Participant: 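Have a look at this one.
Naming convention: chains lettered A, B, ... in sequence-line order (proteins, then strands); numbering from 1 in each chain. A quick note: this is a predicted structure, and the numbers were derived from the prediction, not measured.
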There are 2 protein chains.
Amino acid sequence: MPRNRRISESTVRRLSIYYRLLSGLEKEGAPTVSSRELAEKEKLTPAQVRKDLSFFGSFGTRGLGYPVRELREKIARILGLNRTWNVAVVGAGNIGSALVSYKEFQKQGFLIKLIFDNDQRKIGSSHKGIPVSDVSHLADELKAHHIDIVVIAVPGPAAQGVAEEAVSAGVRAILNFAPVSLKIPASVSLRNENMSMELEQLSYFLVGGNG
Amino acid sequence: MPRNRRISESTVRRLSIYYRLLSGLEKEGAPTVSSRELAEKEKLTPAQVRKDLSFFGSFGTRGLGYPVRELREKIARILGLNRTWNVAVVGAGNIGSALVSYKEFQKQGFLIKLIFDNDQRKIGSSHKGIPVSDVSHLADELKAHHIDIVVIAVPGPAAQGVAEEAVSAGVRAILNFAPVSLKIPASVSLRNENMSMELEQLSYFLVGGNG
DNA sequence: AATTGTGAAATTGTTCACAGCA
DNA sequence: TGCTGTGAACAATTTCACAATT
């Protein structure tokens with residue numbers, strides 16, 4: 001039975017992990033899986049797996065474990081993966097183009113419907129069958145195509161403007177690849193994917209941050 | 001004076017954020033900055049900024065704040081950004097190619113020296129002046145070029161093999177873009193950049209994970 | 001007067017340990 | 001017996017609040 005505790009970000013992140021593991025197990029035909037097995041595949045404890053899942057309900061059977069297919073479906077529903085989402089990518093540069101070609105998104109139901117750029121030479125061309133539109137029509141197009149998620153892949157200085165346009169068009173989720181911190185209302189969900197920062201964390205470790 | 005507390009991952013992540021803010025402030029010519037000003041630019045508290053910095057020393061002046069240039073340099077040294085690192089990208093597909101063209105890396109001193117692929121049509125060609133090498137020579141080339149950090153941008157099923165080769169070549173830091181969980185020794189630092197997972201977090205929010 | 005640096009308190013997240021069930 | 005579900009204990013992280021300093 002679902003609890004009413006506020007679910008932590010780390011729990012939701014692990015839900016994604018469980019989802020991936022369960023998809024694999026389902027393909028292999030495993031009927032059930034224990035919290036210990038799930039934990040061993042990642043670097044988690046069985047108790048953590050059980051606690052994470054218990055926030056959303058009692059999905060397992062004592063003595064047996066969790067039914068793979070059912071649990072995968074339950075998590076899909078919790079994460080909103082039992083449906084499709086309309087995604088727009090803003091910025092048809094290196095990263096934007098790579099994202100459009102990235103097959104995983106389609107597979108998970110994240111459908112890239114629009115690409116935007118401000119370069120007249122790119123506008124009108126198309127990537128993987130998706131035409132590149134003029135970013136100056138951003139808000140209108142986002143609304144017209146019922147875009148749920150905007151991926152920002154423009155240079156840093158342009159990112160805040162794009163975010164504001166997206167918010168004004170009613171978009172409630174943004175994935176930001178620009179290395180700047182966006183100011184948007186708390187009602188809009190924002191994730192940052194800053195690849196330089198990831199390398200910096202590795203660099204910290206290499207210079208001795210470890211021990 | 002540096003403390004001997006174990007520095008948390010979140011503190012190191014914020015150090016990267018402070019570094020970016022300070023770089024901007026330095027360009028603007030600001031001589032000093034207070035913890036309050038730093039906190040306001042991101043969504044942090046002044047106390048957190050002060051505590052984070054205090055783990056590494058006393059960099060500020062009471063009543064005045066922190067000297068921008070000095071603090072930026074201190075953090076650069078802590079994060080290992082006062083030097084360059086040799087990086088190899090494995091996988092010349094969409095993501096790998098985008099990373100090679102991504103200017104931020106060069107700017108931060110992460111120099112992409114090698115690209116690897118297993119596609120004979122790509123091997124021998126070059127991206128941005130960096131030749132694409134045959135992944136079957138991975139370990140040898142990594143050693144020969146003193147690569148510090150390996151970026152894995154290959155399809156999921158190939159990632160674990162690449163990681164093992166990298167580890168066997170003495171690489172101690174890996175940035176993994178493949179949507180799988182890599183098994184590597186604890187002595188090797190690993191960061192995962194899983195873009196589908198980020199979208200899934202947004203999806204969770206959109207279906208009501210918020211409140 | 002302003003702002004740092006930091007113990008202590010509060011909060012959040014993780015692990016333990018065991019009752020309860022198949 | 002094996003394994004879940006969970007309150008309680010524990011650990012980590014964040015925030016508070018204030019003495020110390022310029």
Participant: Angle between the end axes of the helix from dA1(C)-dT22(D) to dA22(C)-dT1(D), five pairs per end, to the nearest 10 degrees?
Facilitator: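 The angle separating the two end axes equals 10°.
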
Participant: Could you tell me the separation between the CD atom of E9(B) and the P atom of dT14(C), rounded to a whole number of Å?
Facilitator: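 It is 12 Å, rounded to the nearest whole Å.
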
Participant: Which whole-number value in Å describes the distance from L53(A) CG to dT6(D) P?
Facilitator: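 From L53(A) CG to dT6(D) P: 11 Å.
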
Participant: Where the side chain of S203(A) meets the backbone of L199(A), is there a donor-acceptor pair that is under 3.5 Å apart?
Facilitator: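 Checking the backbone N and O of L199(A) against the side chain of S203(A), no donor-acceptor pair under 3.5 Å is found.
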
Participant: Please state how far atom CZ in F56(B) lies from atom C1' in dT6(C), giving the value in whole angstrom units.
Facilitator: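 The distance from CZ of F56(B) to C1' of dT6(C) comes to 16 Å, rounded to the nearest Å.
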
Participant: Could you give the side-chain donor-acceptor pairs of residues 102-111 of chain B under 3.5 Å, partners two or more places apart or in another chain?
Facilitator:
{"unit_1": "E104(B)", "atom_1": "OE2", "unit_2": "K107(B)", "atom_2": "NZ", "d": "3.3"}

Participant: Can a salt bridge be assigned to the pair E73(B) and R69(B) using a cut-off of 4.0 Å between side-chain N and carboxylate O?
Facilitator: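 The answer is yes: the pair qualifies as a salt bridge.
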
Participant: Rounded to whole angstroms, how far apart are CZ on F59(A) and P on dT6(D)?
Facilitator: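 My rounded result for the distance is 11 Å.
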
Participant: Does R14(B) make a side-chain N or O approach to OP1 or OP2 of dT14(D) shorter than 4.0 Å?
Facilitator: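 Looking at the OP1 and OP2 atoms of dT14(D), one of them is under 4.0 Å from a side-chain N or O of R14(B).
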
Participant: Suppose we screen for side-chain hydrogen bond (donor to acceptor under 3.5 Å, both in side chains). Which residues come up paired with E164(B), at least two apart in sequence or across chains?
Facilitator: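 Expected list: Q160(B).
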
Participant: Residues from residues 44-51 of chain A sitting under 4.0 Å of DNA chain D, heavy atoms only?
Facilitator: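 When residues 44-51 of chain A is checked for heavy atoms under 4.0 Å from DNA chain D, the hits, listed by number, are R50(A), K51(A).
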
Participant: Tell me, please, which residues at least two apart from S136(B) pass side-chain hydrogen bond (donor to acceptor under 3.5 Å, both in side chains).
Facilitator: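 Checked S136(B) against side-chain hydrogen bond (donor to acceptor under 3.5 Å, both in side chains); matches are D134(B).
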
Participant: Near DNA chain D, under 4.0 Å by heavy atom, which residues of residues 60-74 of chain B?
Facilitator: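 Residues of residues 60-74 of chain B under 4.0 Å from DNA chain D: T61(B), R62(B).
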
Participant: Under the 3.5 angstrom rule, does the side chain of D148(B) hit a backbone N or O of N86(B) as a donor-acceptor pair?
Facilitator: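 At least one qualifying donor-acceptor pair exists.
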
Participant: Whole-Å distance between dT14(D) P and D52(B) CG?
Facilitator: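 Distance, rounded to whole Å: 7 Å.
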
Participant: Side-chain N or O of S35(A) versus OP1/OP2 of dC3(D): is the shortest distance under 4.0 Å?
Facilitator: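 No, because none of the side-chain N or O atoms of S35(A) sits under 4.0 Å from OP1 or OP2 of dC3(D).
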
Participant: Is it the case that the side chain of E37(B) and the backbone of S34(B) share a donor-acceptor pair, with hydrogens and angles ignored and the cut-off at 3.5 Å?
Facilitator: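 Side chain of E37(B) to backbone of S34(B), a donor-acceptor pair under 3.5 Å: yes, one is there.
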
Participant: Determine the minimum heavy-atom distance between I174(A) and A166(A), stating which atoms define it.
Facilitator: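 Reported closest heavy-atom pair: CD1-CB, 4.4 Å.
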
Participant: Atom CZ of F55(B) and atom C1' of dG7(C): how far apart are they, to the nearest Å?
Facilitator: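 Interatomic distance, CZ of F55(B) to C1' of dG7(C): 12 Å.
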
Participant: Spell out, as yes or no, whether a donor-acceptor pair under 3.5 Å connects the side chain of W85(B) to the backbone of L206(A).
Facilitator: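 Flag not set: sc W85(B) to bb L206(A) has no pair under 3.5 Å.
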
Participant: Counting only heavy atoms not in E42(A), do more than 12 sit closer than 6.0 Å to its CD atom?
Facilitator: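 Enclosed.
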
Participant: Nearest whole Å is fine: how far is dT13(D) P from R13(B) CZ?
Facilitator: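 Answer to the nearest Å: 11 Å.
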
Participant: Give a yes or no on whether a salt bridge exists between R36(B) and E40(B), defined as a side-chain N under 4.0 angstrom from a carboxylate O.
Facilitator: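 Answer for the salt bridge query: yes.
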
